[in-house]
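Everything below concerns the one structure shown next.
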Amino acid sequence: MHSPQESKTSLLSDASKRLQQAMAYVDISEDAIARLQHPKTSLTVSIPVRMDDGSLKVFSGYRVRYEDTRGAGKGGVRYHPGVTLDEVQSLAFWMTFKCALLDLPFGGAKGGITVNPKELSKAELERLSRGYIDAIADAIGVDIDILAPDVYTNAVIMGWMMDQYSTIQRKLCRGVVTGKPLALGGSKGRDTATAMGAFTVIQAMLSKFKLITEETTVAIQGFGNAGSILAGLLAEAGYKVVAVSDSKGGIYAPQGLDIASVKEHKNQSREMKAVYCQDTVCSIIEHQVISNQELLALDVDILIPAALENQVNQDNAADIKAKYIFEVANGPINSDADQILSQRGIYVFPDILVNAGGVTVSYFEWVQNRSGWYWTLDEVNQRLRDKMQIEAEQVWQLSQELNISIRTAAYVHALKRLGIALDAKGNRNYFRS
Ligand code: GLU
């Protein structure tokens, strides 16, 4: 394993603190715990790319398979200038628990390239994506490790990756990548799956607190695939979505935003504006321009971090005013902030449950690719809702029975399944007797 730079070690060790908290509530062997503390394989690659101007640029890429006892590694590929091996390892760790929590027959993996994709032309992006597959081809496969989209990657990129892998293998290997375009074997409902899964969990969990939908205010940090679709679903259901943001900043309108109009405007102009549109005519509504930090501290009922990790930490956890937080991003709250939020009685619904809709429909896509039998959108969405509701309810029950945070309950639930699988290979007790 490559040793991450010292200053970057915190993310994985912070992530594994959640494992330590959960261990106390699960009858699990020391062997299983020992295995879960280390990524199985961490690959670092260099990807040379011919740029449009004729120059050559070399990018750093990673693929980490954290655990694969319950099934092949599974997880997305992130393109972001901040990608490091430590980050990819942490994301692969979360995928391991997410897949176990949803009872998917997968282990956990993740990949990434340190790049700002907004600075690349489409042709450069294609060469980079194909180059990444050339570099990691030996470490992935339909039954080894399966890729998917993550931050700043999309269906087109997944299509290139599957195509490149198939070219290398000299046969069509659709199941090696999920989140593909429909025409290349993608699943219906994969593009909306993360948001749909989060929406299902939000509805199921909020019913426990008897909130009135129309009076419930929501702030969402991040307006990418998951954040923007979820904002639309919540607004359609009657929630008052009062604030949204992207990487440049946010907008806040206490009377509520017209999300369909905000989305339409953002799609056309790439700008986040508080607008109300009738047909093609859009007018600005009364609002405040706010920073991402200000959005996190708004006095709302529900806060949804849907951007990057480590957004709520020891420096700003005391400023959070929301009563319920649903983590749509991976790792948006660090373990120090967890303590502060829990002491303040704030309910945090964790990433490995809330955003698991994406990988759940990735699993459905993989099954469809392997069987060659494709499902309707209704079938996909119904199966997704059923799965999310069942697992969310079990996590909630565990948190109530054991009087532990919802995050710890989610880890307990996943850890039980991981422990059974790891121990089935034999543990210390088996070999002693
Ligand atoms: N990147 C998504 C996640 O973090 C989806 C992963 C997948 O579909 O494999 O859950």
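Values reported hereafter were calculated over all heavy atoms of this structure, with side chains retained and with hydrogens, waters and symmetry mates removed. Numbering of ligands and ligand atoms starts at 1, following listing order. Residue indices begin at 1 and follow the sequence shown.
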**Q.** Y66/W94 aromatic ring centres below 6.0 Å
**A.** no
Q: State yes or no: are the ring centers of Y324 and F209 separated by less than 6.0 Å?
A: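 Yes, they do, as the ring centres are separated by less than 6.0 Å.
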Q: Look up atom CE in M161 and atom CG in D163, then write down how far apart they are to the nearest 0.5 Å.
A: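 The CE atom of M161 sits 12.0 Å away from the CG atom of D163.
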(Q) Distance under 4.0 Å, heavy atoms only, partner ligand 1: which residues pass? (A)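 Correct list: K74, G75, G76, M95, K98, K110, A148, P149, D150, R190, N330, G358, V359, S362.
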Q: Ignoring hydrogens and angles, state whether a donor on the side chain of S405 or T408 is under 3.5 Å from an acceptor on the partner side chain.
A: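 S405 vs T408: donor-acceptor pair found between side chains.
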Q) Does F59 CZ have over 12 foreign heavy atoms under 6.0 Å away? A) yes
Q.
Is it the case that the side chain of E67 and the backbone of T69 share a donor-acceptor pair, with hydrogens and angles ignored and the cut-off at 3.5 Å?
A. yes
